[in-house]
2 protein chains.
Amino acid sequence: MARLEDIAVAVGVTATTVANALKGRGNVSDATRMRIIECAQELGYRPNELARSLVQGKTFTLGFLLPTIANPFYPEIAEAIERTASEHGYQMLLCNSFYDFARGRQHLERLVNRWVDGVIVMGSSIDPADILAQFQRGFPIVLCDWQENEIAIQMPQVSVDFRMAGALAAQHLIALGHRHMAIIFDEPQQSLRFEGFRDTLLEADLALPEAMIQVGHSTLESGYNAAQKLIESPTRPTAIFATTDWMALGAMQAVQNAGLQVPQDISIIGLDDITVSAHIRPPLTTIAIPKVQLAFEATELLFRLIKGTPEPPLSRLIQPSLIVRQSTTVPPDI
Amino acid sequence: MARLEDIAVAVGVTATTVANALKGRGNVSDATRMRIIECAQELGYRPNELARSLVQGKTFTLGFLLPTIANPFYPEIAEAIERTASEHGYQMLLCNSFYDFARGRQHLERLVNRWVDGVIVMGSSIDPADILAQFQRGFPIVLCDWQENEIAIQMPQVSVDFRMAGALAAQHLIALGHRHMAIIFDEPQQSLRFEGFRDTLLEADLALPEAMIQVGHSTLESGYNAAQKLIESPTRPTAIFATTDWMALGAMQAVQNAGLQVPQDISIIGLDDITVSAHIRPPLTTIAIPKVQLAFEATELLFRLIKGTPEPPLSRLIQPSLIVRQSTTVPPDI
DNA sequence: GTGAAAGCGCTAACAA
DNA sequence: TTGTTAGCGCTTTCAC
């Protein structure tokens, strides 16, 4: 591969001049500039970004650490981050932790070692302590989609008002007339969604019995299994709130496979608003998370962090919203 | 950030010795090794991978260029590539081209400039000529999920027998008794799927009239629109083959929104077998592409390329398979 | 078992 | 307008 030096000797100048000419710094005569550019073309010169990064201490690269891109909640976010990064001249390293903290930690350390300019970390992908350690050394990190209370210390983050999300789900079902509801959620990462839901029920004097609380693990299958238990319960609920759409899809399938109708027999409401949710049968009522906005704001915040000590606020709580489709309706007569 | 040199002066040795001690090369006494390791701990030493890469000419990083991670066909592949890469000590740069060749080219050039060790390129993400240019300079690239005939020159690639995929779809529908079928596909990237379908019909003396050939653009919406046109056609088909599941979902929705039943009124068959396909209503019959295998083989092939001139074969054609679910059945009586 | 020296390809500060 | 010098932090070769 051709280097600056190669061009320099070919043209009969010095590497510095070549560098200046190539990046259009003013101090090169037009004549030599022409010859240099031409020669660079001929030799197929490509600047070595490694060398450049080493001396500048900047890589124009950022890391994106998440549980797994195979979960349909993340691709939209990843896309938005990458696009925003790209507009700033950045590329993005995608790192799946597979919900394994050791793996998340390894990835983060590697990212630090390779001098990425900053990292966006999604919830559930790594032990908060590991993030904190790097952040406190001055490494730019922004948290995305974590529960606000998950990290001990104040850190830059953009997240969603999950308690509100849970509340919205409850309000919707209550308004429809439901009295016997159930929830499927992942503990402890989704406890806020649970609390918002439960508390809203409580305020309406509605109980949420133990048997109506099922844990899932953000997979479709776990939603399916959890819903099965709920259906078989002696006190079958008339509505189910699954704290992710992915689990809601599983739940819906379980209900339908049991020979019941959604929403006539059991209403189902999700949370996330992943793309497919609008296109299944029946279309899923859900609490939407503005994923693109989430990603965009996280990335912009990270860039502010990278540029220097930014003005507050360093954290942002985004409001979810209810999207009523056809998987929820009034409870059946009994 | 602490450097080798910092440890060296602290311990009273030289940087070379520190380096040797840290990577367990034999020639350091146990005593000094202990002191060095301890000191490295204390100073929080992290090797600078940039510097290391610059001298070694290796970055242990690979690029993954694709149209857009938001299309649900890709996340599973991305995950598998990243996992395989990770097992080899590699990280992965994710690059969306958004079906824009200029953008794809920019990304590829940047990847080359930053000395990634190799790149995996998915179909439809960049102009083949740009790939070829880099490949011919000796840069390791493997093509993934391209039509075999899309690239002029023989290049390393792992792909799917798309003609067979189209044939399988046709065979299935014919076996069910369909005589009036339609296809929705994206031209020209999916022409092989089309040809396989059409030719199989022809062999069974079945025509595929112009009106029954619709173009889509790999989006759900385009599948929806294409299906609408088919439904409104005076010669409504009894079965639709959409060459991606994503378009098939759109088509299914269009059919259902028109008040028709899938599969009783119209059978629908897709191609890809994305995760959700098994979980919608009705579950989608489809031609499955072994995505994880595709990704794994592409990555392994790339590593062979990176290690040096590998043994043939440098290209692999993976066989698709029919998965019968409930979106296809015998045609309605007329 | 340890060190000195050179160099990866580039940038940046300062001279000429 | 152009050149010189000194690194960035590491690895590698060879000498002691």
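Sequence lines set the chain letters: A, B, ... in the order given, protein chains first and strands last, and positions in each chain run from 1. Every value quoted in this text rests on a predicted model; they were computed, and no experiment measured them.
Proximity note for A/L4 (side chain, C-beta onward) versus C/dT11, D/dT11, D/dC10: the nearest is C/dT11.
Counted by atom type alone, B/T275 and B/E76 present one or more donor-acceptor pairs between their side chains at under 3.5 Å. Side-chain contact check for B/Q91 and B/T61: no donor-acceptor pair (N or O, by modelled atom type) lies under 3.5 Å. Side-chain contact annotation: B/S29 with B/T32, donor-acceptor N/O pair under 3.5 Å present. In the model, B/Q189 has no side-chain atom that pairs as donor or acceptor with a side-chain atom of B/H217 under 3.5 Å.
Nearest heavy-atom pair across B/R304 and B/E311 is NH2-O, 2.6 Å.
Residue B/R35 contributes atom CZ, which lies 12 Å from atom C1' of C/dT2 at whole-angstrom precision. Distance, B/I36 CD1 to C/dT2 C1': 10 Å, rounded to whole Å. The separation between A/D30 atom CG and D/dT2 atom P is 10 Å, rounded to whole Å. Rounded to an integer number of Å, the gap from CH2 of B/W115 to P of C/dC10 is 10 Å. Regarding B/L22, its CG atom lies at a distance of 12 Å from the C1' atom of D/dC10, rounded to whole Å. For the pair B/R3 CZ and D/dC8 P, the interatomic distance rounds to 6 Å; values are reported in whole Å. Residue A/R114 contributes atom CZ, which lies 18 Å from atom C1' of D/dC8 at whole-angstrom precision.
An end-to-end axis angle of 40° holds for the helix from C/dG1-D/dC16 to C/dA16-D/dT1, taken from five base pairs per end and rounded to 10°.
Under the salt bridge (Lys or Arg N to Asp or Glu O under 4.0 Å) criterion, A/R52 pairs with no residue at all, not counting sequence neighbours. Shown here are the side-chain hydrogen bond (donor to acceptor under 3.5 Å, both in side chains) partners of B/Q106, two or more places apart in sequence or in another chain: there are none. Take A/D127 and apply the side-chain hydrogen bond (donor to acceptor under 3.5 Å, both in side chains) test, not counting sequence neighbours, and it matches no residue.
Residues from residues 6-19 of chain B lying near DNA chain C, meaning a heavy-atom separation below 4.0 Å, are B/V13, B/T14, B/T16, B/T17 in numerical order. For the segment residues 45-57 of chain A, residues with any heavy atom less than 4.0 angstrom from an atom of DNA chain D are, sorted by number, A/L54, A/V55.
Taking side-chain N and O atoms only, B/T32 has no distance below 4.0 Å to OP1 or OP2 of C/dG1. Taking 4.0 angstrom as the limit, B/K23 places a side-chain polar atom (N or O) nearer than this to OP1 or OP2 of D/dT11.
In the displayed structure, B/Y99 atom OH is contacted under 6.0 Å by more than 12 heavy atoms of other residues, nucleotides or ligands.
Within the 3.5 Å criterion, the main-chain N or O of B/W115 finds a donor-acceptor partner in the side chain of B/T59.
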For this session: Could you give me the CA-CA distance, side-chain angles and deciding distance for B/F73 and B/D145, then say whether side-chain contact (heavy atoms from CB on, under 4.5 Å) is met?
Result: CA-CA 11 Å; B/F73 174 67; B/D145 191 49; 3.5 Å; yes

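Within 4.0 Å (heavy atoms only), A/K58 reaches no atom of the nucleic acid at all.
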